[in-house]
Structure formats: C-alpha cells, structure tokens
Chemist: 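Quick one: the structure is below, questions incoming.
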Amino acid sequence: EVQLQASGGGLVQAGGSLRLSCAASGFTLVDYDIGWFRQAPGKEREGVSCFSAFDGVTYYGDSVKGRGTISSDNATNTVYLQLYDLKPEDTAVYYCAAGPDVESYTCSPDGFSRAYWGQGTLVTVSS
C-alpha cells in the first residue's frame, strides 16, 4: 500500500526553525517528483518546495525562498523540509506529495493532482 506520512509540525516562535519529515511506504520516494505544500486557514493550498526526480531541480515558492531547504534520506525513504526564520504567516498545515505523473516545475497543487498525498502536519508560528 502506498502511503505518505508527514510529521514534525508544532508550535515555534517567530525566527525559529523547524524540520518537517515525509516518510513513504510502498514506493521509493526519491524515484518520484516530490512536493511540499501548505494551506493556511482561509487560504488556498500553495506550493512551498518541489523536487524533480528527472533533472534534480528544486523549486521554492516565493513565500519561503531563501528560508527553506528540501533534502532526502534514501535509507529511511524520507524527504525533509527544513524551514528557517519562520514567520507568523508561515502558520499552516503542511502536506507532502509525490508521484510519477506530476508537473513538479509548476510546484502547484494542480500540478500534483495525480500524486500521492500525505495527511498534513500543522505548523504554528507565534509572534
């Protein structure tokens, strides 16, 4: 069974950092394009960071550019999103998604509509 499990969310003060994890089962995560997305209350889901398995290119959304790093651990079949200098506007539920038939270059929820999605992990940034 294919599953993605996101974790690592929590409460953090503004200026702090957090590492989110996305563990996969049922497939090899880094063989697929991977994306991190977030949805803040009352807002649409948006792309945070996406990785193309085809050419190794990583995309970052404007909202986190320069404040995020995506990485992977092949041994544990896990992808990470490290966020730095967190701001209250980073408060959202963060989701990971992966799949073979996605458009990672868009780093958009629509581009990952055919991906496997995890259940989300809540990040709350206090001011």
Side-chain angles (χ1 to χ4, degrees):
E1 182 184 4
V2 172
Q3 281 190 331
L4 288 173
Q5 181 80 28
S7 62
L11 177 64
V12 62
Q13 287 189 329
S17 62
L18 204 62
R19 190 177 76 163
L20 305 180
S21 302
C22 178
S25 58
F27 68 104
T28 301
L29 192 54
V30 292
D31 285 347
Y32 292 165
D33 289 2
I34 298 162
W36 281 98
F37 302 86
R38 70 185 185 185
Q39 188 164 18
K43 294 189 177 182
E44 293 187 352
R45 193 171 295 188
E46 64 173 354
V48 177
S49 180
C50 296
F51 171 79
S52 168
F54 173 73
D55 55 15
V57 176
T58 302
Y59 306 90
Y60 292 96
D62 289 340
S63 59
V64 300
K65 202 164 287 184
R67 301 190 295 118
T69 302
I70 194 170
S71 62
S72 64
D73 183 342
N74 293 351
T76 59
N77 207 23
T78 302
V79 169
Y80 302 98
L81 177 68
Q82 180 79 49
L83 296 172
Y84 309 93
D85 189 22
L86 285 161
K87 307 175 189 301
E89 51 264 41
D90 293 318
T91 294
V93 177
Y94 284 73
Y95 301 88
C96 60
D101 187 21
V102 300
E103 297 171 344
S104 60
Y105 62 92
T106 69
C107 205
S108 69
D110 285 346
F112 276 73
S113 62
R114 291 184 292 272
Y116 306 114
W117 284 80
Q119 86 290 358
T121 185
L122 176 62
V123 173
T124 303
V125 183
S126 63
S127 56

Chemist: Using side-chain contact (heavy atoms from CB on, under 4.5 Å), reason through Ile34 and Leu29 one step at a time and then give a plain yes or no.
Modeler: CA-CA 8 Å; Ile34 298 162; Leu29 192 54; 3.9 Å; yes
Chemist: Set out, in order, the CA-CA distance, both residues' side-chain angles and the distance that settles salt bridge (Lys or Arg N to Asp or Glu O under 4.0 Å) for Asp62 and Lys65, then state yes or no.
Modeler: CA-CA 5 Å; Asp62 289 340; Lys65 202 164 287 184; 3.2 Å; yes
Chemist: Does Asp33 reach the main-chain N or O of Ala53 with its side chain, forming a donor-acceptor pair under 3.5 Å?
Modeler: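 Yes; at least one donor-acceptor contact below 3.5 Å.
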Chemist: Keeping Asn77 on the side-chain end and Ala24 on the backbone end, is there a donor-acceptor pair under 3.5 Å?
Modeler: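 Checking the backbone N and O of Ala24 against the side chain of Asn77, a donor-acceptor pair under 3.5 Å is found.
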Chemist: Any donor and acceptor pair, going by atom type alone, linking the side chain of Glu103 with main-chain N or O of Cys107 inside 3.5 Å?
Modeler: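 Side chain of Glu103 to backbone of Cys107, a donor-acceptor pair under 3.5 Å: no, none is there.
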Chemist: Using the rule that two of Ile, Leu, Val, Met, Phe, Trp, Tyr join whenever any of their side-chain heavy atoms come within less than 4.5 Å, decide whether Leu4 and Tyr94 are in one cluster.
Modeler: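 Shared cluster, yes.
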Chemist: Assign the ring pair Phe112 / Trp117 to parallel, tilted or perpendicular, where the plane angle (0 to 90°) is split at 30° and 60°.
Modeler: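 Perpendicular, since the angle between the ring planes exceeds 60°.
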Chemist: In Å, rounded to the nearest 0.5 Å, how long is the span from OG1 of Thr78 to CD of Gln5?
Modeler: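 Here the interatomic distance stands at 10.5 Å.
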Chemist: Does the plane of the ring in Phe27 sit parallel, tilted or perpendicular to the ring in Tyr116? Use 30° and 60° as the thresholds.
Modeler: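 Aromatic pair Phe27/Tyr116 classed tilted.
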Chemist: Rounded to the nearest 0.5 Å, what's the gap from OG1 on Thr121 to CZ on Arg38? Could you check?
Modeler: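 Going from OG1 on Thr121 over to CZ on Arg38, the span is 14.0 Å.
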Chemist: Would Val93 and Val64 show up in the same hydrophobic cluster when neighbours are defined by side-chain heavy atoms closer than 4.5 Å?
Modeler: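 As far as the 4.5 Å side-chain criterion goes, Val64 and Val93 are not connected within one cluster.
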Chemist: If hydrophobic clusters are built from ILVMFWY residues whose side chains come within less than 4.5 Å, do Leu86 and Phe37 share one?
Modeler: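 Each belongs to a different hydrophobic cluster.
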Chemist: Would you say Tyr60's side chain and Ile70's backbone share a donor-acceptor pair under 3.5 angstrom?
Modeler: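 Present.
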Chemist: When you measure from the side chain of Ser25 to the backbone N and O of Val2, does any donor-acceptor pair fall under 3.5 Å?
Modeler: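 Side chain of Ser25 to backbone of Val2, a donor-acceptor pair under 3.5 Å: no, none is there.
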Chemist: Decide whether Arg67 and Tyr84 meet the rule of one side-chain donor and one side-chain acceptor closer than 3.5 Å.
Modeler: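 Side-chain D/A pair, Arg67 to Tyr84: absent.
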Chemist: Nearest 0.5 Å, please: how far is CG in Leu20 from OH in Tyr80?
Modeler: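 Tyr80 OH to Leu20 CG: 11.5 Å, rounded to 0.5 Å.
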Chemist: Shortest non-hydrogen contact from Ser63 to Glu46?
Modeler: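 In this case the closest contact between Ser63 and Glu46 is OG-OE2, 3.7 Å.
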Chemist: Just verifying a value: how many Å separate Ser71 OG and Arg19 CZ, rounded to the nearest 0.5 Å?
Modeler: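 One finds 6.5 Å between OG of Ser71 and CZ of Arg19.
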Chemist: When hydrophobic residues are tied together by side-chain contacts of less than 4.5 Å, even through go-betweens, does Leu18 share a cluster with Val79?
Modeler: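 Yes, Leu18 and Val79 fall within the same hydrophobic cluster.
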Chemist: Within the side chain of Gln119, is there an N or O that forms a donor-acceptor pair under 3.5 Å with the backbone of Ala6?
Modeler: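 Such a contact is found between Gln119 side chain and Ala6 backbone.
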Chemist: Can you name the nearest heavy-atom pair linking Ser52 to Asp55, along with the distance?
Modeler: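 So the two residues come closest at OG-OD1, 2.9 Å.
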Chemist: State yes or no: do Phe51 and Val48 share one hydrophobic cluster built from I, L, V, M, F, W and Y residues joined by side-chain heavy-atom distances below 4.5 Å, directly or via other members?
Modeler: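 Yes, it is one cluster - the side chains of Phe51 and Val48 are joined through contacts under 4.5 Å.
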Chemist: Which atom pair, heavy atoms only, marks the closest approach of Gly99 to Tyr32?
Modeler: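 Looking at all heavy atoms of both residues, the shortest contact is O-CB, 3.5 Å.
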Chemist: If you measure from OG on Ser127 to CD on Gln13, what distance do you get to the nearest 0.5 Å?
Modeler: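 Here the rounded value is 9.5 Å.
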